[in-house]
*Asks:* 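I have a structure here, written as structure tokens, and I will follow up with some questions on it.
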Amino acid sequence: MTSSLKLHNTLTGQKETFVPLNPERITLYVCGPTVYNYVHIGNARPVVAFDVLFRLLKRLYPEVVYARNITDIDDKIINTARDNGEDIGALTTRFAEAFSEDMTALNTLPPTIVPYATDHIAEMIGMIEKLIEKGHAYPSDSGDGNVLFAVQSMQDYGKLSGRSLDDMLAGARVEVADYKRYPGDFILWKPSSDDQPGWDSPWGRGRPGWHIECSAMIEKHLGKVIDIHGGGQDLIFPHHENEIAQGCCAHGTDYVRYWVHNGYVNIDGEKMSKSLGNFRLVRELLKQYRGEVLRFALLSAHYRSPLNFSEDVLNQANATLDTLYYALLGRGEKIEAAADVSLADEHPVIVALKDDINTAEAISAMHAIAAKLNKAEPADKPALKAELLACGELLGLLNQDPTDWFQNKGHNDDGLSNDDIDALVAERNASKKAKNFARADEIRDQLKDAGIQLEDTREGTRWTR
RNA sequence: GGCGCGGUGGCAGAGUGGUUAUGCAGCGGACUGCAACUCCGUAAACGCCGGUUCGAUUCCGACCCGCGCCUCCA
């Protein structure tokens with residue numbers, strides 16, 4: 001009997017055994033970006049975390065359909081385009097591409113489906129009509145073109161975020177507006193002025209509210225009820241709460257079986273956010289650190305814990321990856337990874353990941369394999385190397401050639417080409433042979449000052465940058 | 001005000017009612033012309049106060065501190 005996948009479900013606050021609706025076809029949806037600027041490392045956390053879940057699910061089940069949307073209609077987009085004097089379509093295309101590039105640099109697999117909100121306006125309108133029909137939504141009484149969801153029409157509204165309507169109003173931060181019958185009601189459709197993008201609808205020319213696109217795209221691509229819906233904790237309320245309201249009330253069914261939310265990336269103990277301005281763009285970080293370093297840093301803590309982001313964390317991630325890549329590189333001998341090695345169902349790394357995606361535990365297990373690999377007899381190395389690589393594959397790590405890892409750290413600020421270095425290394429070896437250790441050490445120090453380390457192995461000298 | 005989360009060794013970060021997390025950094029040793037890598041060994045922690053228990057970092061309660069959501073936000 002193999003252990004089963006367990007996931008923390010925000011709906012119950014418990015770690016639960018994952019029981020799919022249909023074990024032949026797993027459905028996963030993760031909220032993607034609203035494309036009006038570059039994403040920061042906090043935005044990248046769910047993408048990387050759920051990429052690991054996607055990889056794990058693919059290992060455990062025959063088919064996994066993973067959808068991650070692009071929200072390309074939103075007031076922030078409209079405002080940014082106006083400020084830039086840029087066409088909205090050009091803006092959203094530009095940042096959707098940038099997002100895709102950044103996430104590729106973090107070695108995330110492309111989702112099965114990347115639906116765009118503006119390709120699903122008809123589905124959204126259809127869903128809103130259904131909600132009105134069933135008495136869960138209404139066009140505003142003033143006839144101004146707004147359509148609202150009536151939260152009081154839903155028995156257990158607030159169950160995901162664990163709050164009652166009374167609690168929410170007590171916060172006194174809900175927007176009271178005269179087009180709402182109840183202050184907690186939220187917008188499904190809003191009118192557009194002539195200079196704003198809009199689509200014809202039964203309620204006049206307008207555009208969708210924030211939450212409806214996810215519900216409509218989930219129904220179209222994954223079904224009325226899906227297995228797993230992921231996202232950052234800050235989406236629990238109102239976004240996911242409202243998605244539940246829309247999905248459950250429109251379909252008269254459940255909406256999502258397992259809600260999975262990742263914790264924040266913090267800076268100096270505070271949440272990284274666009275509004276606080278304390279964010280670090282993935283794009284900027286990639287100039288200084290390789291994508292794998294960023295990915296490793298994001299995976300070094302459990303996905304639900306806060307992750308304090310700092311230079312220190314990134315440097316440690318880099319050093320730790322060095323250790324793992326050294327094991328793959330070997331002590332100068334060539335190690336060919338054995339072919340056709342697959343991890344046992346109860347392999348420590350798989351067991352760790354099945355326990356609510358415990359990546360820290362999985363990485364620890366990888367270190368154990370690396371240590372074994374370092375110590376192993378030559379005959380045992382190919383299998384261990386293959387095992388370590390297979391573990392890395394599950395986590396989306398260690399997919400580079402070890403020599404490249406050490407020689408191409410991405411920042412060649414030493415001004416030396418690989419050929420220059422090879423020439424100096426050759427000169428040093430000649431000096432060593434002539435017992436001219438002073439000159440040999442001089443060369444090594446010179447290279448060291450340039451950030452290049454030398455290692456003398458039985459198979460010759462190798463260098464790392 | 002309502003609801004919720006967390007405080008682990010220098011740093012990062014898992015986990016557990018009683019025996020090592022793990023990694024980075026440190027220290028000692030082996031290897032090396034000297035290094036680096038690797039190996040062997042080593043030190044160091046569970047916010048504070050009570051309670052339950054033979055025994056608590058792990059369970060319960062209070063307290064202190066930090067953070068988050070209730071508004072756009074991954």
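By convention in this document, chain letters (A, B, ...) are assigned in the order of the sequence lines, proteins followed by strands, and residues within each chain are numbered from 1.
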*Asks:* What do you reckon, is CG of A/Asp268 surrounded by more than 12 foreign heavy atoms closer than 6.0 Å?
*Replies:*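 12 or below, so no.
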*Asks:* Give me the distance, rounded to whole Å, that separates B/C65 from B/C59 when you measure between the C1' atoms they each carry.
*Replies:*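 Result for the C1' pair: 23 Å, nearest Å.
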*Asks:* Without decimals, in angstroms, what is the distance between A/Ile369 CD1 and B/U22 P?
*Replies:*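 A/Ile369 atom CD1 is separated from B/U22 atom P by 15 Å.
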*Asks:* Run the salt bridge (charged side-chain N to carboxylate O under 4.0 Å, His left out) test against A/Asp83 and tell me which residues pass, sequence neighbours left out.
*Replies:*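 Result, salt bridge (charged side-chain N to carboxylate O under 4.0 Å, His left out) vs A/Asp83: none returned.
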*Asks:* Per the side-chain hydrogen bond (donor to acceptor under 3.5 Å, both in side chains) rule, what does the pair list look like for residues 367-378 of chain A, sequence neighbours excluded?
*Replies:*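 Applying side-chain hydrogen bond (donor to acceptor under 3.5 Å, both in side chains) to every pair that reaches into residues 367-378 of chain A, excluding sequence neighbours, yields A/Arg331-A/Asn374.
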*Asks:* Between A/Lys6 and A/Asp356 (salt bridge meaning N to carboxylate O under 4.0 Å), is one present in this structure?
*Replies:*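 Salt bridge between A/Lys6 and A/Asp356, a charged N being under 4.0 Å from a carboxylate O: no.
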*Asks:* Which value, in whole Å, describes the distance between the C1' atoms of nucleotides B/A36 and B/A30?
*Replies:*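 Approximately 15 Å lies between the C1' atom of B/A36 and that of B/A30.
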*Asks:* Looking at A/Asn374, does any N or O in its side chain come under 4.0 Å of the phosphate oxygens OP1/OP2 on B/C39?
*Replies:*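 It does, given that an N or O in the side chain of A/Asn374 lies less than 4.0 Å from OP1 or OP2 of B/C39.
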*Asks:* May I ask you to say what A/Gly42 touches in the nucleic acid, namely base, sugar-phosphate or nothing, with a heavy-atom cut-off under 4.0 Å?
*Replies:*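 Counting heavy atoms under 4.0 Å across all strands, the contact made by A/Gly42 includes a base.
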*Asks:* Any idea which of B/U22, B/C24, B/C69 is nearest the A/Thr323 side chain?
*Replies:*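 Shortest atom-to-atom distance from the side chain points to B/C24.
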*Asks:* Base contacts versus sugar-phosphate-only contacts with protein, heavy atoms under 4.0 Å: please encode nucleotides 4-16 of chain B as B, S and - from 5' to 3'.
*Replies:* -------BSSSS-
*Asks:* In whole Å, measure the gap between the P atoms of B/A25 and B/A12 for me.
*Replies:*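 About 15 Å, rounded to a whole number of Å.
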*Asks:* A/His239 has an atom NE2; how far is it from atom P of B/C72, in whole Å?
*Replies:*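 To the nearest whole Å, that distance equals 12 Å.
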*Asks:* Counting only pairs under 3.5 Å, give me each side-chain donor-acceptor contact of residues 378-398 of chain A, with atom names and distances, residues two or more places apart or in other chains.
*Replies:*
| residue | atom | partner | partner atom | Å |
| --- | --- | --- | --- | --- |
| A/Lys381 | NZ | A/Glu333 | OE2 | 3.1 |
| A/Lys381 | NZ | A/Leu373 | O | 3.3 |
| A/Lys385 | NZ | A/Leu328 | O | 3.2 |
| A/Lys385 | NZ | A/Ile335 | O | 3.0 |
| A/Glu387 | OE2 | A/His347 | NE2 | 2.6 |

*Asks:* Under 4.0 Å, heavy atoms only, any strand: does A/Met272 hit a base, just the sugar-phosphate, or nothing?
*Replies:*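 A/Met272: base contact, heavy atoms under 4.0 Å.
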*Asks:* Reckon A/Gly263 touches a base, only the sugar-phosphate, or nothing at all at heavy-atom distances under 4.0 Å?
*Replies:*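 Answer is base: heavy atoms of A/Gly263 come under 4.0 Å of a base.
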*Asks:* My understanding is that only residues two or more places apart in sequence, or in another chain, count here; which of them pass ring pair (Phe, Tyr, Trp, His ring centres under 6.0 Å) with A/Tyr258?
*Replies:*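 A/Phe18.
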*Asks:* If you look only at distance, which donor and acceptor atoms sit under 3.5 Å apart when one is on a side chain in residues 441-453 of chain A and the other is two or more places apart or in another chain?
*Replies:*
| residue | atom | partner | partner atom | Å |
| --- | --- | --- | --- | --- |
| A/Glu442 | OE1 | A/Arg439 | NH1 | 2.5 |
| A/Gln453 | OE1 | A/Thr464 | OG1 | 3.4 |

*Asks:* Can you list the residues that meet the salt bridge (charged side-chain N to carboxylate O under 4.0 Å, His left out) rule with A/Arg295, with sequence neighbours excluded?
*Replies:*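 Only A/Asp51 meet the salt bridge (charged side-chain N to carboxylate O under 4.0 Å, His left out) criterion with A/Arg295.
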*Asks:* With a non-hydrogen cut-off below 4.0 angstrom, is A/Ser273 in contact with a base, only sugar-phosphate, or nothing?
*Replies:*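 Base, at least one base atom sits under 4.0 Å.
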*Asks:* For A/Val30, which contact category applies under a 4.0 Å heavy-atom criterion: base, sugar-phosphate, or nothing?
*Replies:*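 It contacts nothing in the nucleic acid.
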*Asks:* Could you measure between the two P atoms, the one in B/G47 and the one in B/C60, and give it in whole Å?
*Replies:*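 The same atom, P, in both gives a distance of 15 Å.
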*Asks:* Rounded to whole angstroms, how far apart are NE2 on A/His367 and C1' on B/C39?
*Replies:*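 Going from NE2 in A/His367 over to C1' in B/C39 covers 17 Å.
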*Asks:* Which of these nucleotides, B/G23, B/C37, B/C69, is closest to any side-chain atom of A/Tyr326?
*Replies:*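 So the side chain of A/Tyr326 is nearest to B/C37.
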*Asks:* Could you provide the dot-bracket string of RNA chain B, using ( ) for intrastrand pairs, [ ] for crossing pairs and | for bases paired to another strand, with Watson-Crick or G-U pairs below 3.5 Å?
*Replies:* (((((((..(((.....[...))).(((((.......)))))....(.(((..]....))).))))))))....
*Asks:* Expressed in angstrom and rounded to an integer, what is the separation of A/Leu235 atom CG from B/A74 atom P?
*Replies:*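 Going from A/Leu235 (CG) to B/A74 (P), I get 6 Å.
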*Asks:* What residues form a side chain to side chain contact (heavy atoms under 4.5 Å, CB included) with A/Ala440, not counting sequence neighbours?
*Replies:*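 Listed in chain order: A/Arg428, A/Ser431, A/Lys432.
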*Asks:* Distance between the C1' atoms of B/G13 and B/U57, in whole angstroms?
*Replies:*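 Result for the C1' pair: 15 Å, nearest Å.
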*Asks:* For nucleotides B/C67 and B/G17, find the distance between their P atoms and express it as a whole number of Å.
*Replies:*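 B/C67 and B/G17 have their P atoms separated by 31 Å.
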*Asks:* Counting any heavy atom closer than 4.0 Å, what does A/Lys271 reach on the DNA or RNA strands: base, sugar-phosphate only, or nothing?
*Replies:*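 Base: the residue A/Lys271, judged by heavy atoms under 4.0 Å, touches a nucleobase.
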*Asks:* On RNA chain B, does the nearest nucleotide to A/Ser161 precede the nearest nucleotide to A/Ser364 from the 5' side, or the other way round? Give the residue.
*Replies:*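 The residue whose closest nucleotide sits nearer the 5' end is A/Ser161.
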*Asks:* If you measure from the C1' atom in B/C64 to the same atom in B/G50, how many Å do you get, rounded?
*Replies:*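 Nearest-Å result for B/C64 against B/G50 at atom C1': 14 Å.
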*Asks:* How would you list, by chain and number, every residue that makes a side chain to side chain contact (heavy atoms under 4.5 Å, CB included) with A/Pro306, sequence neighbours excluded?
*Replies:*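 Side chain to side chain contact (heavy atoms under 4.5 Å, CB included) list for A/Pro306, sorted by chain: A/Asn266.
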*Asks:* Round to a whole Å and report the spacing from CD of A/Gln233 to C1' of B/C3.
*Replies:*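 It is 14 Å, rounded to the nearest whole Å.
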*Asks:* Within this structure, what is the NZ-to-C1' distance between A/Lys375 and B/U38, rounded to whole angstrom?
*Replies:*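 For the pair A/Lys375 NZ and B/U38 C1', the rounded distance is 10 Å.
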*Asks:* Could you tell me how far apart A/Ile236 (CD1) and B/G2 (C1') are, to the nearest whole angstrom?
*Replies:*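 Between C1' of B/G2 and CD1 of A/Ile236: 16 Å.
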*Asks:* Among A/Glu16, A/Arg257, A/Gln14, exactly one meets side chain to side chain donor-acceptor pair (under 3.5 Å) together with A/Asn9. Which residue is that?
*Replies:*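 Looking at A/Glu16, A/Arg257, A/Gln14, the match for A/Asn9 under the side chain to side chain donor-acceptor pair (under 3.5 Å) is A/Glu16.
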*Asks:* Output every pair passing ring-ring contact (aromatic ring centres under 6.0 Å, His included) with a member in residues 425-465 of chain A, not counting sequence neighbours, ordered by first then second residue.
*Replies:*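 As it turns out, there is no ring-ring contact (aromatic ring centres under 6.0 Å, His included) pair with a partner in residues 425-465 of chain A once direct neighbours are skipped.
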*Asks:* Tell me if the centroids of the rings in A/Tyr66 and A/Phe50 come within less than 6.0 Å of each other.
*Replies:*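 Ring centroids of A/Tyr66 and A/Phe50 are no less than 6.0 Å from each other.
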*Asks:* Could you tell me how far B/A45 sits from B/U16 if I compare only their C1' atoms? Round to whole Å.
*Replies:*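 That atom pair is separated by 14 Å.
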*Asks:* Keeping the roles fixed (side chain from A/Ser100, backbone from A/Ala96), state whether a donor-acceptor pair exists under 3.5 Å.
*Replies:*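 Looks like no, no N/O pair under 3.5 Å.
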*Asks:* Please give, in whole Å, the distance from B/C72 C1' to A/Asn242 CG?
*Replies:*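 So the two atoms are 13 Å apart, to the nearest Å.
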*Asks:* Along nucleotides 27-35 of chain B, 5' to 3', which nucleotides get a B, which get an S, and which get a -, given that the test is a protein heavy-atom distance under 4.0 Å?
*Replies:* ------BBB
